[in-house]
Amino acid sequence: MLKTLKKMKMFVILLLVCGASSGCMLTSMGPSLGILSFPIPVSPYFQNKQEEKAWEEGRYEETLILDPIPGGKPHVAEDAPSDDQVMRAFLKKHPVAGNYPGLFEVQHNDVRIIKEKVQDVVDEPRVHPLYGPVQVHHSHWMCKVYYTEIIRNGWPVPYSAKSEEKMDIIYIDLDHMHRVGNVVSGDYN
């Protein structure tokens with residue numbers, strides 16, 4: 001019994017030495033996870049769910065309070081809405097009900113977004129609770145979304161409908177605040 005156990009240990013050690021010296025074990029590509037090392041596709045449903053969770057937590061919706069506007073110069077808002085903000089507003093306006101692959105799908109392809117500033121106004125200074133003396137800077141944008149819509153129905157009668165060069169207008173308001181004056185001395189002008 002002791003002799004067979006000793007032979008078994010020697011065999012395992014010999015196997016480990018041969019495997020490690022051949023370059024096939026833990027040296028070239030790191031440890032293997034077996035079947036778990038193969039890539040597993042993740043559904044876009046779960047990807048969108050994680051993005052929605054980040055939006056709900058307020059990660060992207062924080063109130064911006066910027067430095068005071070320099071005196072004597074008109075201030076212009078330079079930050080246009082991001083493409084992500086435009087597409088989120090577009091999908092709220094055009095919700096896709098269903099979207100079952102093979103049965104019913106709606107796709108928006110070849111999307112082009114053109115952003116134009118409609119209004120750029122700075123309000124008079126006033127005191128807001130929790131912020132102190134600030135000026136609200138309103139910046140309103142008109143975003144034209146050009147796209148191709150493809151509707152595919154797979155049941156009961158399979159067909160595809162393609163609408164070329166559709167256009168929709170999305171209005172987005174980007175408001176932020178600017179601090180006003182010297183907060184310590186109380187001079188707000």
Side-chain angles (χ1 to χ4, degrees), residues 30 33 36 39-99 101 105-151 162-189:
L33 300 174
L36 296 177
I40 299 170
V42 177
S43 168
Y45 170 77
F46 294 109
Q47 292 176 350
N48 291 339
K49 207 170 184 182
Q50 287 294 323
E51 186 68 22
E52 289 294 329
K53 182 180 173 187
W55 274 93
E56 287 172 8
E57 290 175 355
R59 188 174 302 168
Y60 303 119
E61 301 266 341
E62 294 177 355
T63 304
L64 292 176
I65 302 177
L66 303 177
D67 290 333
I69 299 172
K73 295 181 181 178
H75 189 69
V76 179
E78 298 174 0
D79 292 337
S82 67
D83 291 343
D84 183 46
Q85 288 175 314
V86 174
M87 287 308 295
R88 285 185 166 281
F90 176 77
L91 291 175
K92 281 183 183 177
K93 192 173 181 181
H94 299 282
V96 178
N99 215 16
E105 293 181 72
V106 177
Q107 297 177 352
H108 300 111
N109 298 335
D110 303 327
V111 176
R112 286 172 292 144
I113 301 171
I114 297 173
K115 303 166 192 168
E116 298 175 15
K117 192 184 310 182
V118 177
Q119 187 179 25
D120 192 4
V121 178
V122 180
D123 289 347
E124 292 297 318
R126 39 187 285 200
V127 177
H128 281 266
L130 299 177
Y131 297 132
V134 293
Q135 287 178 298
V136 180
H137 190 162
H138 303 281
S139 140
H140 303 288
W141 294 82
M142 177 178 66
C143 304
K144 295 179 183 174
V145 180
Y146 296 94
Y147 61 99
T148 301
E149 185 177 63
I150 300 174
I151 299 174
K162 185 175 184 178
S163 301
E164 300 266 345
E165 285 302 316
K166 290 186 89 173
M167 194 260 304
D168 197 3
I169 296 177
I170 307 289
Y171 292 98
I172 296 180
D173 299 335
L174 295 178
D175 296 342
H176 58 275
M177 297 184 187
H178 292 278
R179 287 179 296 181
V180 176
N182 188 352
V183 181
V184 177
S185 69
D187 182 19
Y188 300 136
N189 293 324

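For this chain, numbers begin at 1 and follow the sequence in order.
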A.B. asks: Could you measure the distance from the CD1 atom of Ile170 to the CH2 atom of Trp141? Nearest 0.5 Å is fine.
C.D. replies: 15.5 Å
A.B. asks: Is there a side-chain contact between Val145 and Met167 (heavy atoms, below 4.5 Å)?
C.D. replies: no
A.B. asks: How about CG on Asp79, more than 12 heavy atoms from neighbouring residues, nucleotides or ligands closer than 6.0 Å, or not?
C.D. replies: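 No, not enclosed.
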A.B. asks: Side chains of His138 and Asp173: donor-acceptor distance under 3.5 Å anywhere?
C.D. replies: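 The criterion, which ignores hydrogens and geometry beyond distance, is not satisfied for Asp173 and His138.
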A.B. asks: Using the side-chain hydrogen bond (donor to acceptor under 3.5 Å, both in side chains) criterion, which residues pair with Lys115? Sequence neighbours excluded.
C.D. replies: Asp83
A.B. asks: Could you tell me the separation between the OG1 atom of Thr148 and the CG atom of Asn109, rounded to the nearest 0.5 Å?
C.D. replies: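 These two atoms lie 6.5 Å from each other.
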A.B. asks: Not counting sequence neighbours, which residues clear side-chain hydrogen bond (donor to acceptor under 3.5 Å, both in side chains) with His128? List them please.
C.D. replies: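 Once residues adjacent in sequence are excluded, His128 has no partner under the side-chain hydrogen bond (donor to acceptor under 3.5 Å, both in side chains) criterion.
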A.B. asks: Any donor-acceptor pair under 3.5 Å linking the side-chain atoms of Asp120 with those of His137?
C.D. replies: yes
A.B. asks: With the side chain counted from C-beta on, respond yes when Ile151 and Glu105 share a heavy-atom pair under 4.5 Å apart, and no when they do not.
C.D. replies: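 Side chain of Ile151 against side chain of Glu105, heavy atoms only: no contact under 4.5 Å found.
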A.B. asks: Does any part of the side chain of Asp168, heavy atoms only, come nearer than 4.5 Å to the side chain of His94, both counted from C-beta?
C.D. replies: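 His94 vs Asp168: side chains touch.
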A.B. asks: So how far is it from Gln119 CD to Tyr171 OH, rounded to the nearest 0.5 Å?
C.D. replies: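 Atom-to-atom, Gln119:CD and Tyr171:OH are 12.0 Å apart.
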A.B. asks: Is there side-chain contact between Arg88 and Glu52, with at least one heavy-atom pair below 4.5 Å?
C.D. replies: yes
A.B. asks: Do the side chains of Lys162 and Glu149 get close enough for a salt bridge, i.e. N-O under 4.0 angstrom?
C.D. replies: no
A.B. asks: Kindly compute the distance separating NE2 (His178) from CG (Leu66), expressed to the nearest 0.5 Å.
C.D. replies: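 Going from the NE2 atom of His178 to the CG atom of Leu66 covers 5.0 Å.
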A.B. asks: Side chains of Tyr131 and Ile65, heavy atoms from C-beta outward: is any pair under 4.5 Å?
C.D. replies: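 SC-SC contact between Tyr131 and Ile65 confirmed.
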A.B. asks: I'd like to check the ring pair (Phe, Tyr, Trp, His ring centres under 6.0 Å) partners of His140; sequence neighbours left out, ordered by chain and number.
C.D. replies: none
A.B. asks: Please report the closest heavy-atom contact between Pro81 and Leu174, naming both atoms and the distance.
C.D. replies: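 Residues Pro81 and Leu174, closest heavy atoms: N-CD1, 3.6 Å.
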A.B. asks: More than 12 heavy atoms of other residues, nucleotides or ligands under 6.0 Å from CD of Glu124: is that the case?
C.D. replies: no
A.B. asks: Under the criterion side chain to side chain contact (heavy atoms under 4.5 Å, CB included), I'd like the reasoning laid out for Asp123 against Gln135: C-alpha separation, chi angles, the key distance, then a yes or no.
C.D. replies: CA-CA 6 Å; Asp123 289 347; Gln135 287 178 298; 5.6 Å; no
A.B. asks: Can you tell me how far CE of Met142 sits from NZ of Lys144, rounded to the nearest 0.5 angstrom?
C.D. replies: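 Between Lys144 NZ and Met142 CE, I get 4.5 Å after rounding to 0.5 Å.
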A.B. asks: Which pair of non-hydrogen atoms, one from Ala77 and one from Lys117, has the smallest distance, and what is that distance?
C.D. replies: O-NZ, 2.5 Å
A.B. asks: Is there a side-chain contact between Ile172 and Val86 (heavy atoms, below 4.5 Å)?
C.D. replies: yes
A.B. asks: Parallel, tilted or perpendicular for His108 and Tyr147, by the 30°/60° rule?
C.D. replies: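 Perpendicular: the ring planes of His108 and Tyr147 meet at over 60°.
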A.B. asks: Answer yes or no: is there a donor N or O on one side and an acceptor on the other, between the side chain of Gln85 and the main chain of Ser82, under 3.5 Å?
C.D. replies: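 Such a contact is found between Gln85 side chain and Ser82 backbone.
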